[in-house]
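Read through the structure below, which is laid out as structure tokens, and then see the notes.
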Amino acid sequence: MTPRARLSPGGVALMLSLLASTAFAQAVPEIQIAPPEAVETAPVEQPESVPVPIPAQRDATAPLSEAPDRKLLLTLRPPPSLPHSVVMGTSLPEPGVVRLTGETATSEFVLWLPDGVPLPPELVLSVRSSINVLADTAGMQVTINGATPVELPLNKFDGFGTLRVPAPDLVPGPNRIALSLRQPHRIFCGPDASFDVWTEVELTRSGAEYPVDALVPNADLFSLAVGNQISAGRPVNLLADPGIEPAALRGLATALGGAMQGQGQVNIQSFYMPTARNSATVALIPSDRSLVSYRQDANGAPVLQVESANGTLPDLGGVLLPDTMPQAAPPPMLTPGQTSSLADLGGTDLIGNTHYYRHDFRFRLPSDWLLLANQKAHLDLQYGFADDLPKGAMLLVKVNDETIRLLPLDRNGGRIVDPLTIPFGARLLNPGQNTLSFEMMVPGDPADAACAPRRTDMLVVTKETTIEVPKSPAMQLSGITSPLSTLTPVGITVDPQAIDAKPLDLFATQLAAGLTPSDQPDDQVSLSLVDIAGLRPSDAGIPTRVLQEALFPVEIAPVAKAAPVPAAPQFRLSEESEAAPDAEPTEAKENAKEPAWSFGGWLSGMRERVRNSAFMTSDQDLGDWLQGRKGDALLMSGHADQPEALRLIVGPDAQANAIGPALNKLRTGSLGEGKAVLLSNDGTYQVWASAQLPRMREAVTPLNLLPVLGNYASWSPFIFTLGLLVLGLISIIPALLIVVLFRKRRLR
């Protein structure tokens, strides 16, 4: 037996250091600078090129054989505005990964290809499927620009695997790539089983491959790469030199965000942090000139290099081409008082063929639409369903997640039924974005066996379905929606009271870069960022301790107190002994609540019930409302004399790329009719609404008097009733005076 060689501890350390240095050299190569091919936007004299250290960490999961090929992948773009949580159909549960869920699923992707370059012969797809998918009958059809579909098996269960599809129908510019999946469950059938069958597409490895040498780094290539990253939910990395001027960094980030129309996120980081493979990057470096050029990193990905002289940026026009940016159309606007069909609002026939099916149809109402009383909106539903659905199948029709009708689907099917008029309360609707949902649940028959193949559609909701929303007076609830919707990137600043302004400057820069454009921008509206340490208690109006408990990630240890003095014994051994001193403080005794059965207790309870029911919104103090709640940032409205001055209190764990999308939701959804919003990094938020009167946006006329009174009565029934009572008492006074005067005359 050959003896094993042994190394001394010093030799082991030497080998480890050599291996580490070699691995680092392979993982972090420098960018390749090629001055002759650089595209410049200013005719400035070319000095000697200096390599810019832009790291490009190689993906450890990629096969080693891919490195010498030096391929650049132009990736697929999923449909815009996908949900970031798993839903039936298409979703984007994590950046760069699209999931298609359900027994049947379809989705259409877009593949942008450059002009003037030979087209690739095939399409590359990186997919993986759930282990619950029955491989024997599962399959995927790939259709390129409407050509004959290509059938592929779904058999990648251990991880992402590569499928190569012949693509003779690709063209320069946008290409439509349609995926149609058939993925039955191998064991179960029913609504729960529908979520167990899915196939994921890894966008960072799906698309068209090009040799790196065949692509010239220019504005077209950079814009294509940035558009692909935005569609995949991945941020654009902005690499900044530590010595760069903050004004230049803010200007470049804001320009990029404006070119992306607020759809993407800008991630500001150091040159020496690893970046994703095939990721477009922006490099900002100080220089003796202001210049824009395009490069390629070590992996062949495009790099926009911006040189800034003394904080002055070059002309950034044309850096991102608008034609190649993803276009996310806003939800259609519904006109109150008119009957609109789904087709009029851009919808199509809805066909559900999964045992759990949900489709959310979004539309908008004007920002000054407000109805709080019992006015009715109407939905004329035209639908049909199969005649062999098992017992218990049902359809839920919802408005903003509130069920307005439950319809059975287990009887009288097999046809399009007569139109069904469904009235519902208009108060369920909001100004801004609203959602009309159709949710179908079909149990398995049986549930513990695979679903039988179907030849008919389960559910059809036709595009002739109509909805009518009544008109309303121009009114708005008081809150942060109005100023927030007109905020511009220039208005996002750092409060001078902030203790550590440098990270807040970076936070404000990333917020400004990701802000969606406003339809009515107002430069007078401001959003001031401040940390808890730099916040005065009087500014927030709530104790600092409450803010810390709400925004800090961990519970703060209680302040150590002196050991309590043992209380005197609370007992009597004889009638003659004196009562022991009461250990309870006098103040606590005075504040103790009276028993509920006493008159004082009944009066206190009645007062509390009246206070809670007096307003539609919460009359609870903000400090009390924050008790027990957790978040990462607190958005507060300005003072009454400065409603346009908003304030964002940033917690220690707040992330700009997470808080920014939450702010955009508040801007576009008109859901912030409150005075404060607690934001979280997961994109959720909680609104605190103070009791303030709705504001009139038009004159009161005999035509709108009734809905105006209805809004005020619904906002606060107690105050409205009290006001009517006061008016009634006032109207009695003249009558009493008349009776008394005439009575005196008669007596004379």
Side-chain angles (χ1 to χ4, degrees), residues 71-80 82 89-90 92 96-129 133 135 137-156 160-184 198-211 214-215 220-221 223-225 227-228 231-232 278 323-327 329 346-351 353-354 453-455 457 463:
K71 297 282 189 179
L72 179 61
L73 189 71
L74 296 182
T75 58
L76 297 178
R77 297 185 183 182
L82 288 180
T90 310
L92 192 70
V97 176
V98 170
R99 174 175 288 193
L100 288 86
T101 307
E103 300 102 309
T104 61
T106 59
S107 187
E108 187 172 283
F109 298 78
V110 175
L111 176 63
W112 276 83
L113 299 181
D115 201 357
V117 183
L119 294 170
E122 60 184 8
L123 182 70
V124 180
L125 295 177
S126 178
V127 300
R128 70 175 177 184
S129 299
V133 175
T137 57
M140 174 174 60
Q141 287 187 344
V142 182
T143 306
I144 302 177
N145 292 327
T148 303
V150 177
E151 184 79 23
L152 298 174
L154 292 178
N155 53 12
K156 308 294 183 182
F160 284 104
T162 300
L163 300 176
R164 297 185 177 273
V165 185
D169 300 296
L170 292 176
V171 297
N175 294 265
R176 294 182 295 105
I177 312 297
L179 302 184
S180 179
L181 280 72
R182 182 183 65 259
Q183 39 191 10
W198 47 262
T199 294
E200 291 182 338
V201 180
E202 188 182 20
L203 297 177
T204 55
R205 294 177 178 271
S206 301
E209 288 182 335
Y210 283 88
L215 298 176
D220 291 331
L221 182 61
S223 296
L224 287 179
N228 294 341
S231 299
N278 289 327
D323 293 340
T324 60
M325 290 294 103
Q327 304 296 326
T348 58
D349 293 334
L350 309 179
I351 302 176
N353 281 320
T354 57
R454 296 194 57 84
R455 296 180 177 271
D457 295 323
K463 59 185 177 183

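All figures in this text were calculated on a predicted structure; none of them were measured in a lab.
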Quick one, [X] and [Y] - any side-chain contact, counting heavy atoms below 4.5 Å?
{"X": "Val124", "Y": "Thr162", "answer": "yes"}
{"X": "Lys71", "Y": "Pro211", "answer": "yes"}
{"X": "Ile144", "Y": "Val150", "answer": "no"}
{"X": "Pro78", "Y": "Thr90", "answer": "no"}
{"X": "Leu123", "Y": "Leu76", "answer": "yes"}
{"X": "Ile177", "Y": "Leu125", "answer": "no"}

If I take atom [atom1] from residue [X] and atom [atom2] from residue [Y], how far apart are they, to the nearest 0.5 angstrom?
{"X": "Glu103", "Y": "Leu181", "atom1": "CD", "atom2": "CG", "value": "12.0 Å"}
{"X": "Leu350", "Y": "Lys463", "atom1": "CG", "atom2": "NZ", "value": "11.0 Å"}
{"X": "Met140", "Y": "Arg182", "atom1": "CE", "atom2": "CZ", "value": "11.5 Å"}
{"X": "Trp112", "Y": "Asp220", "atom1": "CH2", "atom2": "CG", "value": "10.0 Å"}

Heavy-atom donor-acceptor pair, [X] side chain to [Y] backbone, under 3.5 Å:
{"X": "Asp457", "Y": "Ile351", "value": "no"}
{"X": "Thr199", "Y": "Ser129", "value": "no"}
{"X": "Asn145", "Y": "Asn175", "value": "no"}
{"X": "Glu108", "Y": "Pro79", "value": "no"}

Using the side chain to side chain contact (heavy atoms under 4.5 Å, CB included) criterion, which residues pair with [X]? Sequence neighbours excluded.
{"X": "Thr75", "result": "Leu73, Asn228"}
{"X": "Thr104", "result": "Asn353, Thr354"}
{"X": "Pro80", "result": "Ala328"}

### Task
Scan side-chain atoms only and decide if Glu202 and Ser126 contain a donor-acceptor pair under the 3.5 Å cut-off.
yes
Quick one: closest heavy-atom pair of [X] and [Y], and the distance?
{"X": "Leu92", "Y": "Ser231", "result": "CD2-O, 4.4 Å"}
{"X": "Leu100", "Y": "Thr106", "result": "CD2-C, 4.3 Å"}
{"X": "Gly161", "Y": "Lys156", "result": "CA-CD, 4.0 Å"}
{"X": "Leu224", "Y": "Arg77", "result": "O-NH2, 3.4 Å"}
{"X": "Pro114", "Y": "Tyr210", "result": "CD-OH, 3.7 Å"}
{"X": "Ser206", "Y": "Val201", "result": "OG-CG1, 3.7 Å"}

